[in-house]
*Asks:* 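Attaching a single structure in structure tokens format; questions to follow.
Residue numbering restarts at 1 for every chain, and letters A, B, ... go by the order of the sequence lines.
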Protein chains: 2
Amino acid sequence: MSTIKEVSRLAGVSISTVSRVLNDTVPVADETKRRVLNAVQKLDYQPNAFARGLVTNRSGGVGVTVNDLSSPYFGTLLKGVEEVIEEAGMHLIVASGHAKAETERRAVEFLKQRRTDALIIHSEELPDADLLNWAKGDIPILVIGRYIAELAKSCVYLDNETGGRLATRHLLEKGHRRIAHITGPLSIHDSRERLVGYRRALEEAGLNYEEDFVVEADFMEAGGQIATKRLLERKLDFSAIFVANDQMAVGVLQTLREAGLRVPEDISLVGFDDVLLARYLYPALTTIRQPLFEMGQAAAKLALAALDGKEMGVRRKFEPELIVRKSVTSIR
Amino acid sequence: MSTIKEVSRLAGVSISTVSRVLNDTVPVADETKRRVLNAVQKLDYQPNAFARGLVTNRSGGVGVTVNDLSSPYFGTLLKGVEEVIEEAGMHLIVASGHAKAETERRAVEFLKQRRTDALIIHSEELPDADLLNWAKGDIPILVIGRYIAELAKSCVYLDNETGGRLATRHLLEKGHRRIAHITGPLSIHDSRERLVGYRRALEEAGLNYEEDFVVEADFMEAGGQIATKRLLERKLDFSAIFVANDQMAVGVLQTLREAGLRVPEDISLVGFDDVLLARYLYPALTTIRQPLFEMGQAAAKLALAALDGKEMGVRRKFEPELIVRKSVTSIR
DNA sequence: ATCACCTATGAAAACCTTTTCATAAAAAGT
DNA sequence: ACTTTTTATGAAAAGGTTTTCATAGGTGAT
């Protein structure tokens with residue numbers, strides 16, 4: 001691997017000049033530039049990223065943490081991030097938090113130590129305090145898929161309340177009156193907001209909110225199964241369930257089927273996220289779409305803006321959209 | 001951000017000693033060690049990765065390229081890679097090649113310039129020559145999901161021929177005789193092997209291989225649709241299709257349905273990959289499972305081994321497995 | 001023709017580690 | 001008690017860039 005020194009020697013100039021040509025910082029005589037470029041090509045020279053980072057204090061990397069690398073949520077999000085990061089000539093460093101507070105914390109610390117220029121955090125378990133704490137440091141932090149009031153300018157998130165309302169209202173419009181709700185972990189802001197939306201929609205329809213109809217779960221497929229069993233045990237005679245994410249909806253679907261209930265004939269279902277899967281489930285899942293790709297892009301743009309010290313006019317709050325498929329039926 | 005110098009001053013020792021304590025290279029007196037560790041903690045010192053890289057010439061990063069970050073294939077693979085990479089205290093740098101030869105090449109060059117310690121390449125479009133060329137360089141290259149004879153020791157791949165045979169044989173066992181096959185791009189070794197497996201199975205059953213029954217496609221959902229249309233136009237009266245990956249199978253399913261054909265009643269279908277999706281399709285897709293997670297792990301282990309100059313006894317050729325679901329019916 | 005001012009370039013410092021080499025002190029051997 | 005070996009530590013070099021400061025040569029103005 002050749003160094004700048006070798007290039008300078010071959011081109012017959014000083015290393016400073018080589019650096020100047022390569023970074024285009026200061027005008028260099030055309031003839032000199034030509035010679036340098038020639039030498040660079042001949043030696044297949046590539047600047048040493050370490051040396052460069054040492055002096056510029058920039059790694060050119062953006063760190064991303066995510067819960068579970070294999071979750072369908074992740075891919076789309078990451079794709080959005082990558083698109084804009086790559087365009088800016090930077091790269092992506094990923095670490096998984098495995099949906100545990102402790103490992104999520106480790107993942108972030110890890111990336112911080114790696115001197116990533118910015119950090120995009122998708123975390124479900126970490127308490128707000130941790131995020132707040134990191135945000136005080138000197139590396140820009142972006143939070144995705146979560147809203148933290150004190151970090152409002154760095155959060156890219158969905159209007160979850162509207163999402164919850166949309167889902168519930170859709171069921172109401174189809175004639176459902178006894179609507180259950182399986183929430184995500186209520187420690188998470190998003191879950192709470194979706195619940196609020198559910199409640200609001202009920203109230204708007206003049207219906208009472210009843211605690212029995214709500215079960216807290218964990219956003220995972222297995223959690224959906226457990227929650228459904230709990231719900232069934234209560235014998236509430238509900239005709240529909242609003243499930244706080246698609247992944248749980250998969251579990252719900254299974255458990256319902258095992259219990260001899262058909263979807264949507266016996267029970268209607270609305271999910272949340274519109275993960276790739278939702279479209280292919282049987283029956284295809286009616287759900288609330290989160291524009292994950294766009295949100296990924298937004299987070300990346302904000303990260304870039306923060307690096308330049310600019311404030312960019314990037315949208316941070318995204319609106320959910322009802323995607324009607326086959327898992328809801330009209331009753332009466 | 002504090003430096004080693006500040007730590008050394010606070011601890012009242014030289015920077016060499018601090019380095020030694022931190023890297024545990026050479027014994028240091030307990031008392032000194034204590035003082036250093038104290039100072040480190042007090043200053044929240046974190047070694048500068050650039051400076052360290054500059055001298056050790058190690059970045060601690062492993063580069064991974066994939067076709068499409070949002071593909072379901074990717075997540076599982078990456079999860080496997082991450083698990084072992086993270087355990088080794090290293091990190092993951094990802095770049096997407098967007099399934100185009102030119103961008104794939106760019107992605108790899110990009111990672112190389114970033115001085116990743118090793119490179120795990122999942123590429124579909126790149127010609128063997130490129131891979132071979134990079135492999136000559138000084139950074140270890142691992143190829144995943146593809147077999148290149150000259151790089152045999154660095155390839156983690158599936159026994160695709162057996163996979164193709166398994167799929168076809170399953171259909172034969174269910175009584176199918178007129179079996180079509182939608183292949184991946186035949187420029188790719190894996191696609192060719194699956195085709196060979198298909199052919200072999202037919203031969204073993206004493207059936208003739210007929211070119212009309214085979215259509216080449218591109219591994220994408222849309223490609224599956226186009227291929228299916230072509231197949232239908234030929235009016236071959238086939239009763240089953242072996243599709244070379246699940247993603248195309250989704251497109252096939254749609255097109256078949258649009259043409260008024262039911263799966264599996266009218267046409268049986270076998271996919272390949274056993275991507276997360278397959279399980280949730282309607283009807284649930286019978287497919288050939290690729291142990292992607294395990295393959296990701298293997299690639300990462302090989303990368304680590306290459307870094308240590310060791311040859312590890314890691315399995316490189318993986319066996320596919322038939323996963324029977326609901327997309328195949330018996331006939332006659 | 002002389003002077004002031006650009007312009008292009010080079011020399012050297014700075015960035016922060018790891019690691020080699022040297023040395024002082026302590027331990028072991030005679 | 002004296003020499004030799006071991007152990008713990010420090011000083012300094014090396015690693016490859018970017019960037020500041022200095023300087024030589026050239027350009028334009030008077």
*Asks:* I'd like to know if A:Arg34 and A:Glu31 make a salt bridge, using a cut-off of under 4.0 Å between side-chain N and carboxylate O.
*Replies:*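 A:Glu31 and A:Arg34: salt-bridged.
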*Asks:* Round to the nearest Å and state the distance from A:Gln113 atom CD to C:dC16 atom P.
*Replies:*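 One finds 16 Å between P of C:dC16 and CD of A:Gln113, rounded.
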*Asks:* Any carboxylate oxygen within less than 4.0 angstrom of a Lys/Arg side-chain nitrogen, looking at A:Arg105 and A:Glu102?
*Replies:*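 Looking at A:Glu102 together with A:Arg105, the answer is yes, because their closest N to O distance falls below 4.0 Å.
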*Asks:* Salt bridge check, A:Arg146 against A:Asp190: does any charged N sit closer than 4.0 Å to a carboxylate O?
*Replies:*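 The answer is no: the pair does not qualify as a salt bridge.
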*Asks:* Nearest whole angstrom, please: distance from the P of D:dT17 to the CZ of A:Phe50.
*Replies:*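 Taking atom P of D:dT17 as the reference, CZ of A:Phe50 is at 12 Å.
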*Asks:* Using every non-hydrogen atom in the two residues, find where B:Ala300 and B:Val81 come nearest and quote the distance to one decimal.
*Replies:*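 That would be CB-O, 3.7 Å.
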*Asks:* Give the rounded distance in Å between these two atoms: CD1 of B:Ile4 and P of C:dA14.
*Replies:*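 Value for this atom pair: 19 Å.
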*Asks:* What integer distance in Å separates A:Arg34:CZ from C:dT9:C1'?
*Replies:*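 My rounded result for the distance is 17 Å.
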*Asks:* So what does A:Asn57 touch, heavy atoms closer than 4.0 Å: a base, only the sugar-phosphate, or nothing?
*Replies:*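 A:Asn57: no heavy atom of the nucleic acid under 4.0 Å.
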*Asks:* Let me know the distance between CG of B:Leu22 and P of C:dT19, rounded to the nearest Å.
*Replies:*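 In whole Å, C:dT19 P lies 13 Å from B:Leu22 CG.
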*Asks:* Considering just the side-chain nitrogens and oxygens of A:Thr32, establish if one lies under 4.0 Å of OP1 or OP2 belonging to C:dT9.
*Replies:*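 So the side-chain polar atoms of A:Thr32 do come within 4.0 Å of the phosphate oxygens OP1 or OP2 of C:dT9, strictly under.
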*Asks:* Is any side-chain nitrogen or oxygen of B:Tyr45 closer than 4.0 Å to OP1 or OP2 of C:dC16?
*Replies:*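 B:Tyr45 to C:dC16 OP1/OP2: no side-chain N or O under 4.0 Å.
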*Asks:* Atom CG of B:Asp30 to atom C1' of D:dA8: distance rounded to whole Å?
*Replies:*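 Taking atom C1' of D:dA8 as the reference, CG of B:Asp30 is at 12 Å.
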*Asks:* Hey, which sits more toward the 5' end of DNA chain D by its nearest nucleotide, B:Lys33 or B:Ala51?
*Replies:*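 Its nearest nucleotide being more 5', the pick is B:Lys33.
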*Asks:* Compare side-chain N and O positions of B:Ser19 against OP1 and OP2 of C:dT18 and report whether any pair is under 4.0 Å apart.
*Replies:*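 True: B:Ser19 side-chain N/O within range (under 4.0 Å) of C:dT18 OP1/OP2.
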*Asks:* Could you say whether B:Leu54 or B:Val13 is positioned toward the 5' end of DNA chain D, judged by the nucleotide with the nearest heavy atom to each?
*Replies:*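 In this pair, the answer is B:Val13.
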*Asks:* I want to verify a distance call: between D:dA11, C:dT9, C:dT18, whose nearest atom is closest to the A:Arg20 side chain?
*Replies:*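 Per side-chain heavy atoms of A:Arg20, the pick is C:dT9.
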*Asks:* Roughly how many Å is it from CG in B:Asn23 to C1' in C:dT17, rounded to a whole number?
*Replies:*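 Atom-to-atom, B:Asn23 to C:dT17, this comes out as 9 Å.
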*Asks:* Which of these nucleotides, D:dT17, C:dG10, C:dT9, is closest to any side-chain atom of A:Ser14?
*Replies:*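 Comparing D:dT17, C:dG10, C:dT9 against the side chain of A:Ser14, the answer is C:dG10.
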*Asks:* Measure across B:Asp117 and B:Asn57 and return the closest heavy-atom pair with its distance rounded to 0.1 Å.
*Replies:*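 Scanning both residues completely, I find the closest heavy atoms to be OD1-O, 4.5 Å.
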*Asks:* Does A:Thr17 reach a base, just sugar-phosphate, or nothing at all? Heavy atoms under 4.0 Å.
*Replies:*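 The answer is sugar-phosphate, as A:Thr17 gets under 4.0 Å only of primed atoms, P, OP1 or OP2.
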*Asks:* Taking the side chain of A:Ala29 as heavy atoms from C-beta outward, which of C:dT18, C:dA8, C:dA12 is closest to it?
*Replies:*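 The answer is C:dA8, which lies nearest to the side chain.
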*Asks:* May I ask you to evaluate whether A:Asn48 reaches the phosphate of D:dG15, defined as a side-chain N or O under 4.0 Å from OP1 or OP2?
*Replies:*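 Negative; the distance criterion is not met.
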*Asks:* What is the distance, rounded to the nearest whole Å, between atom CE of B:Met1 and atom P of C:dC15?
*Replies:*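 So the CE-P distance, B:Met1 to C:dC15, works out to 16 Å.
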*Asks:* So what does A:Ser16 hit on the nucleic acid, given a heavy-atom distance under 4.0 Å: a base, only sugar-phosphate, or nothing?
*Replies:*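 Since a base atom lies under 4.0 Å of A:Ser16, the category is base.
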